[in-house]
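Report on the following structure.
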2 protein chains.
Amino acid sequence: MEKLSRKDREREAKRVMIIDAALQVMKVNGFEHSTMDEIAEVAEIGKGTLYLYFKSKTSLYLAISERGSRLLNEQLGKVLLLELPGITLIEKMGFTYLNFIRENPLYFTAFNYFEHILNEGQMTNSPIIEQCENHAKEAMTYIVRALQIGMQDGSIKNSYDPKELGIIIWGASKGVMHMAFLKNHANHMKILDDVEFDLQSLITGFIELLGSGMKND
Amino acid sequence: MEKLSRKDREREAKRVMIIDAALQVMKVNGFEHSTMDEIAEVAEIGKGTLYLYFKSKTSLYLAISERGSRLLNEQLGKVLLLELPGITLIEKMGFTYLNFIRENPLYFTAFNYFEHILNEGQMTNSPIIEQCENHAKEAMTYIVRALQIGMQDGSIKNSYDPKELGIIIWGASKGVMHMAFLKNHANHMKILDDVEFDLQSLITGFIELLGSGMKND
DNA sequence: TTCAGTTATTGACCAACAGTCAGATATATG
DNA sequence: CATATATCTGACTGTTGGTCAATAACTGAA
């Protein structure tokens with residue numbers, strides 16, 4: 001049972017308010033072109049105060065990613081509770097992910113930012129990075145659970161290692177979503193210009209393709 | 001037939017040399033933490049000169065991406081010349097891509113940077129962006145051609161639209177490669193820590209999975 | 001209510017770095 | 001050799017992430 005003092009609750013509320021302000025600024029200026037000065041201004045606090053709540057711009061951005069993955073995980077967790085064959089759970093998770101990034105494109109950008117930071121190898125041993133990693137691990141676990149359920153109920157081939165298959169599904173989904181995201185958000189994307197498709201049909205095709213690779217005959 | 005004057009050839013050679021210098025600096029400092037001052041120093045030119053050859057840091061980074069995708073396309077193009085079933089061409093392209101980013105991780109980072117720039121919607125109508133997009137489109141065409149060959153020779157189901165399938169394969173491959181890349185380069189990546197795998201086996205699993213979704217029975 | 005001690009806030013300031021430009025240097029031409 | 005043109009340069013500027021000494025707000029005891 002968590003018992004937070006009034007101080008702690010106020011502090012937490014302010015943290016949330018700052019993240020709201022940051023998202024608001026980013027909606028206008030884009031993710032990278034938002035400045036700490038403007039975020040502080042919108043949050044109606046001094047810039048120094050901003051740095052009392054987030055020790056760097058990177059930290060603030062990661063906090064956005066953290067919130068996003070927390071929200072997404074809540075939804076993925078609910079899918080796992082449904083009484084459905086494993087293969088259907090996997091499909092539903094795919095669409096849950098799709099709808100989430102469609103409704104929250106900024107969070108998707110934040111997810112990519114998080115991975116970029118991991119890649120660059122900076123900010124290791126930071127608590128916010130750890131939280132983000134835990135969320136990612138949790139999402140991964142939801143997928144693996146669904147796969148295990150599917151292997152149990154016979155809806156998914158059991159010739160793959162569920163964890164390895166989980167990584168593949170996770171990675172491939174992110175890649176395809178990213179593609180779809182580009183189509184919708186980039187002004188011009190020559191690769192995609194030739195192809196008539198909407199997000200939904202692309203993802204449906206993708207899930208079908210993966211599905212027919214995983215499904216038991 | 002391109003006939004370049006000595007001037008033009010010298011200019012081109014210097015451009016190449018600057019990109020070499022930039023890659024060298026990035027190998028040490030990482031992609032983002034390299035400064036134009038240091039790149040100029042390593043290239044043994046003044047900073048002002050650097051800006052005569054690349055109009056911004058972004059342009060220079062995109063030039064690296066451009067070179068990378070040009071090199072990759074050369075290899076993909078060669079695969080397409082082999083006398084093999086379409087499904088095998090697709091598999092070979094997958095491994096070509098894998099080996100390329102394994103041997104040239106910096107180019108892979110550059111590719112991601114290019115997509116990031118597209119996402120942010122900056123630098124539209126810049127010639128270097130256009131070149132990068134053309135390369136991406138070319139790579140995409142190689143995949144689609146291989147799919148068409150496979151649909152012709154019967155090794156690939158023809159129930160999918162080859163272009164849509166191409167986008168799916170392209171996106172999914174990038175996503176899975178990215179995952180594998182993280183495992184190798186990020187210091188810690190909790191999602192991946194649990195799973196014992198090497199790049200090769202993950203990609204093999206992925207290609208097998210996609211393959212069994214595409215293959216004719 | 002007062003006041004010392006503690007905590008929270010602030011914005012002027014600093015350092016780093018992308019990008020500029022007036023002047024210097026090299027090269028071509030007659 | 002002299003002039004014109006092309007190329008190069010690094011000191012300078014503007015912006016922005018991050019700091020810190022000064023200030024304000026709060027707290028609890030007398």
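A note on names: the letters A, B, ... follow the listed sequences, proteins ahead of strands, and every chain is numbered from 1.
- With sequence neighbours excluded, the residues forming a side-chain contact (heavy atoms from CB on, under 4.5 Å) with A:Glu208 are B:Tyr160, listed by chain and number.
- Using a 4.5 Å cut-off on side-chain heavy atoms (C-beta onward), A:Ile143 and A:Leu165 make no contact.
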Side-chain donor-acceptor pairs of residues 91-98 of chain A under 3.5 Å, sequence neighbours excluded:
unit_1, atom_1, unit_2, atom_2, d
A:Thr96, OG1, A:Lys92, O, 2.7

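- One end of the helix from C:dT1-D:dA30 to C:dG30-D:dC1 points its axis 10° away from the other end's axis, with each axis taken from 5 pairs and the angle rounded to 10°.
- Evaluation of the side-chain hydrogen bond (donor to acceptor under 3.5 Å, both in side chains) rule for B:Tyr142 yields B:Glu138 as partners, not counting sequence neighbours.
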Whether each nucleotide of nucleotides 9-15 of chain C has a protein heavy atom under 4.0 Å at its base (B), only at its sugar-phosphate (S) or at neither (-) is summarised, 5' to 3', as BBB----
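- Residues A:Arg70 and A:Asn73 have side chains that never bring a donor and an acceptor to within less than 3.5 angstrom of each other.
- DNA chain D lies under 4.0 Å from at least one heavy atom of each of the following residues of residues 22-35 of chain A: A:Ser34, A:Thr35.
- Between chain A and DNA chain D, the heavy-atom contact criterion of under 4.0 Å yields a 5' to 3' nucleotide range of D:dT16 to D:dT27.
- Under the rule for a side-chain hydrogen bond (donor to acceptor under 3.5 Å, both in side chains), B:Gln24 has no partner lying at least two apart in sequence or in another chain.
- Atom NZ in A:Lys57 sits about 14 Å away from atom C1' in C:dA16, given to the nearest Å.
- Every residue meeting the side-chain contact (heavy atoms from CB on, under 4.5 Å) condition with A:Lys14, not counting sequence neighbours, appears here in chain and number order: A:Met17, A:Ile45, A:Tyr53.
- Listed by first then second residue, pairs satisfying ring pair (Phe, Tyr, Trp, His ring centres under 6.0 Å) with a partner in residues 20-49 of chain A read A:Phe31-A:Tyr61, A:Phe31-A:Tyr113, not counting sequence neighbours.
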For a salt bridge (Lys or Arg N to Asp or Glu O under 4.0 Å) check, start with the C-alpha distance between A:Arg67 and A:Asp20, then their side-chain angles and the critical distance, and finish with the verdict.
CA-CA 11 Å; A:Arg67 181 198 280 186; A:Asp20 290 340; 3.0 Å; yes
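- Between the B:Lys27 side chain and the B:Ala22 main chain, no donor and acceptor come within less than 3.5 Å of each other.
- In this view, B:Glu115 and A:His178, A:Leu182, B:Lys174 satisfy the side-chain contact (heavy atoms from CB on, under 4.5 Å) rule, not counting sequence neighbours.
- For the side-chain hydrogen bond (donor to acceptor under 3.5 Å, both in side chains) test, residues two or more places apart in sequence or in another chain that qualify with B:Glu10 are B:Arg6.
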